[in-house]
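Please read the structure below before turning to the comments.
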Amino acid sequence: MADPFSFDDADEPDFSRAPTPRAGGIAARAQAAVQAAMGVPRYVEALNPEQRAAVEAMDGPVLVLAGAGTGKTRVLTTRIAHIIATGRARAHEILAVTFTNKAAREMKERVAALAGPVAEGMPWLGTFHAIGTKILRRHAELVGLKSGFTILDTDDQVRLLRQVIQSENIDDKRWTPRALAIQIDNWKNRGLGPAQVPAGEAEAFANGKGRHLYQLYQERLKILNAADFGDLLLEGLRLLRENADVLADYQRRFRYILVDEYQDTNTVQYLWLRLLAQGTPDRPRNICCVGDDDQSIYGWRGADVDNILRFEKDFPGATVIRLERNYRSTAHILAAAAHLIAHNEGRLGKTLFTDGEDGEKPTVAGVWDSEEEARTIGEDIEQLQRQGQSLDEVAILVRASFQMREFEERFITLGLPYKVIGGPRFYERAEIRDALAYLRCVAQPADDLAFERIFNVPKRGLGDATLQVLHDHGRRQKIPLMQAARELIETEELKPKPRQTIRALMDDFTRWSSLIDSKPHNELAEQILEESGYTDMWQKDRSADAAGRLENLKELVRSMEEFPDLGGFLEHISLVMDAENNDTGERVSIMTLHAAKGLEFETVYLPGWEEGLFPHQRSLDEQGRAGLEEERRLAYVGITRARLRAKIYFATNRRIRGLWQSTIPSRFLDELPAAHVDVVDGGQTSYGGYAASRFNAVETFGSSYNTPGWQRAQKSGGFGERGKSNWNASSKRGPQTIEGELVAKSSASSSYAKGARVFHQKFGSGTVSAVDGNKLTVDFDKAGRKMVLEGFVQAA
DNA sequence: CGGAGCGGGATTTTT
DNA sequence: TCCCGCTCCG
């Protein structure tokens with residue numbers, strides 16, 4: 001990345017500056033020829049047959065269904081390397097998109113490691129948003145922006161919307177800016193501009209003002225020369241749709257398109273990709289999407305699983321390759337995960353397998369309450385640690401972040417080092433946002449939102465009244481706030497005190513701006529924070545986190561060194577903004593299940609498997625069965641993070657919103673196969689008998705479907721066995737019904753026919769004797785007749 | 001303008 | 001229960 005943040009108009013990489021891609025291309029081609037003579041390139045040789053097929057399927061659309069731990073990133077990076085090495089395209093002719101900066105960074109590194117300097121740069125490898133921005137900046141004027149537009153984050157967006165709502169004399173208590181921000185974001189995710197919003201939805205906000213407010217907001221953005229995150233994609237889409245020449249240019253440019261985590265794409269991203277991948281008869285659509293429908297866990301944020309489920313329809317003639325050989329987890333862990341996820345209907349169907357060890361069975365333990373849960377897990381970790389388990393290889397994955405506190409408290413008392421992953425992001429912290437606002441004011445004097453933010457931070461006695469005066473003047477004269485301020489201090493409109501204060505502030509900004517070209521930008525930043533009194537403000541602050549905030553500010557200044565100038569830094573920060581935590585020492589990781597996607601650990605603790613928490617009640621209430629399936633995928637993601645040990649817990653009592661509530665074990669526990677799970681007694685104080693009855697229930701469900709419990713369940717849609725213990729003692733919600741429906745329903749047609757030979761992890765080989773939806777009756781050679789879920793066998 | 005005191009809401013989260 | 005944001009008052 002010579003200069004990743006300059007969005008100049010160089011259409012092709014500047015060969016005089018970039019490390020000679022053309023020469024590299026020739027070298028690569030020569031190398032490829034040598035390899036061809038010798039057979040297969042080494043990097044391809046190292047792959048398994050399916051991975052290799054995914055890398056070598058070069059023409060036309062390709063969908064790679066990559067299960068957890070099957071080498072997805074390896075396939076993507078090798079494919080890129082292969083495209084370059086075989087001379088099919090040069091690095092700048094490949095578009096490779098990811099969702100997170102982390103994924104983009106990782107891919108960049110791995111491609112460079114494989115393909116060497118030929119891949120240098122990969123100018124079009126990045127997140128959807130980064131690439132969207134890059135394209136948008138080149139053609140900004142075509143969508144009513146200027147190339148240097150500012151990218152607003154959620155906070156700015158909300159403040160702007162508040163102004164818009166107020167300007168329409170709408171009660172912003174009843175119709176909150178935040179709600180509108182969410183709504184607009186939602187529309188943008190779905191690819192809808194103000195004109196395309198369905199009438200019904202547009203009417204729903206503020207008695208029919210929804211569309212109008214959206215429209216006004218977009219106009220305000222253009223006046224401010226700003227774009228929100230949604231715009232980076234939606235305006236990017238509009239740009240391509242409305243400018244055939246621009247579209248054609250990019251279609252020609254991107255000879256190969258690769259998409260990571262395709263199951264997470266939302267509608268705009270899908271439409272954008274489809275447009276770019278649109279082929280002509282003489283030019284096949286070389287788009288390769290990699291994803292796992294079973295790991296789609298971002299539906300609530302606009303991701304549409306249907307995109308991946310529909311791939312073959314969208315791209316006729318697509319090659320579909322399944323990666324099912326898992327290199328991460330032991331057989332028992334995979335079996336547990338596979339059995340669980342087989343309960344989902346909306347999936348393409350994959351079953352992970354491994355040649356590796358059976359390993360330890362995942363465990364399920366019941367504990368009395370969340371306090372005991374934390375204590376038990378803490379002690380278990382200490383035990384493992386004594387056996388040589390590295391704490392870096394231990395993670396606690398929770399459904400909701402409030403669960404984390406209990407663990408933190410316990411670990412502090414135990415002296416067990418831990419780190420919380422996720423949490424409030426670096427850039428979201430108030431001190432960072434304040435500091436950035438100062439820098440934005442210096443670099444972009446028209447950035448009203450930034451100015452508003454720091455107008456009275458640190459407190460300098462300026463309030464709403466004064467701000468209102470500036471706003472009025474600014475609006476009248478059609479000038480930015482800072483300029484309005486400069487003009488007003490020359491008049492009598494302001495009271496003497498604020499006038500004096502503003503004058504001093506504007507003098508500060510004048511001085512800082514004058515230094516912008518002469519002083520290194522990180523030193524300038526330090527000076528600004530010092531002279532504005534901002535660091536002082538935190539130094540005087542007595543609260544516990546003040547020291548940490550000052551530390552963050554230092555980190556921010558330090559991180560600026562890596563950038564060529566202030567503008568480059570701000571561009572980076574608006575898109576990337578993650579702080580690398582440079583901590584030392586082994587630590588247990590605590591994070592949400594969502595944050596854990598893509599990671600792996602030797603030992604994974606999965607606490608809180610209780611109805612209402614996991615699956616989360618709200619997900620069920622709001623999304624119904626789709627919500628349940630997404631929760632189940634989350635459970636699947638959780639289990640498949642484990643290499644060696646997965647330890648599941650449920651508490652009988654949990655404090656939710658202050659009050660203690662008794663809970664029912666999660667239905668997902670019932671969906672684990674008894675043959676591959678050990679039910680253990682949890683902590684010392686857990687009440688007797690629970691584990692035993694629990695075990696029975698699992699046994700009933702998992703190992704044989706011919707028991708009375710199972711048959712009753714099929715008839716009634718519930719599990720009679722459970723009623724005996726306090727499985728559902730306080731349940732009025734009846735999750736069993738949904739579960740019964742899910743399991744027993746026979747709408748999905750099976751890919752196995754009567755007479756087919758299948759293989760089952762536990763029961764071995766057998767012949768299918770009956771098919772009922774996704775349930776198979778199989779006569780096993782050794783184990784006899786059993787009913788099993790389709791997802792739990794492989795064709796033999 | 002700024003602090004205290006009250007009411008409402010409280011999954012998951014990237015860019 | 002706890003936290004945030006808003007309102008009201010000094």
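Protein chains get the first letters and strands the later ones, always in sequence-line order, with residue 1 at the start of each.
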Look at [X] and [N] and indicate whether a side-chain polar atom (N or O) is within less than 4.0 Å of OP1 or OP2.
| X | N | answer |
| --- | --- | --- |
| A/T133 | B/dT15 | no |
| A/S401 | B/dT12 | yes |
| A/N189 | B/dT15 | no |

So what does [X] hit on the nucleic acid, given a heavy-atom distance under 4.0 Å: a base, only sugar-phosphate, or nothing?
| X | result |
| --- | --- |
| A/S619 | base |
| A/D264 | nothing |
| A/Q623 | nothing |
| A/R655 | nothing |
| A/R654 | nothing |
| A/L462 | sugar-phosphate |

Checking contacts here: which listed nucleotide ([options]) is nearest the side-chain heavy atoms of [X]?
| X | options | value |
| --- | --- | --- |
| A/F229 | B/dG2, B/dT15, B/dT11 | B/dT15 |
| A/A400 | B/dT11, B/dG2, B/dT13 | B/dT11 |
| A/A595 | B/dT12, B/dT15, B/dT13 | B/dT13 |
| A/W300 | B/dT13, B/dT11, B/dT15 | B/dT13 |
| A/H129 | B/dG3, B/dT15, B/dT11 | B/dT15 |
| A/R399 | B/dT11, B/dT15, B/dT13 | B/dT11 |
| A/E622 | B/dT13, B/dT11, B/dT15 | B/dT11 |

Who pairs with [X] by side chain to side chain donor-acceptor pair (under 3.5 Å), at least two apart in sequence or on another chain?
| X | answer |
| --- | --- |
| A/E168 | A/H212 |
| A/D536 | A/K540 |
| A/R641 | A/Q295 |

### Query
Does A/R301 count as lying over the ring of A/Y298, i.e. NZ or CZ under 6.0 Å from the six-ring centre, within 45 degrees of the axis?
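Yes, cation above the ring, under 6.0 Å and within 45°.
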### Task
Report yes or no: is the cationic atom of A/R137 (NZ for Lys, CZ for Arg) under 6.0 Å from the centre of the six-membered ring of A/F149, at an angle within 45° of the ring normal?
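Checked: cation-pi criterion met.
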To the nearest Å, how far apart are [X] [atom1] and [N] [atom2]?
| X | N | atom1 | atom2 | result |
| --- | --- | --- | --- | --- |
| A/R178 | B/dG8 | CZ | P | 19 Å |
| A/N266 | B/dT13 | CG | P | 18 Å |
| A/D260 | B/dT15 | CG | C1' | 15 Å |
| A/M591 | B/dT13 | CE | P | 11 Å |

### Under the side-chain contact (heavy atoms from CB on, under 4.5 Å) test, residues paired with A/L221 that sit two or more places apart
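Testing A/L221 for side-chain contact (heavy atoms from CB on, under 4.5 Å), a comparison that skips the adjacent residues, returns A/L152, A/L160, A/K188, A/Y217, A/Q218, A/A226, A/D228, A/D231.
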### Sequence-distant partners of A/H616, ring-ring contact (aromatic ring centres under 6.0 Å, His included), two or more places apart
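In terms of ring-ring contact (aromatic ring centres under 6.0 Å, His included), with neighbours along the sequence ignored, A/H616 is linked to no residue.
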### Task
Considering only heavy atoms of chain A and a distance under 4.0 Å, specify the first and last nucleotide of DNA chain C in 5' to 3' order that meet this criterion.
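Using the under 4.0 Å cut-off, the span is C/dT1 to C/dT7.
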### Query
Quick check, are the ring centers of A/H343 and A/Y636 under 6.0 angstrom apart?
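No, the ring centres sit 6.0 Å or more apart.
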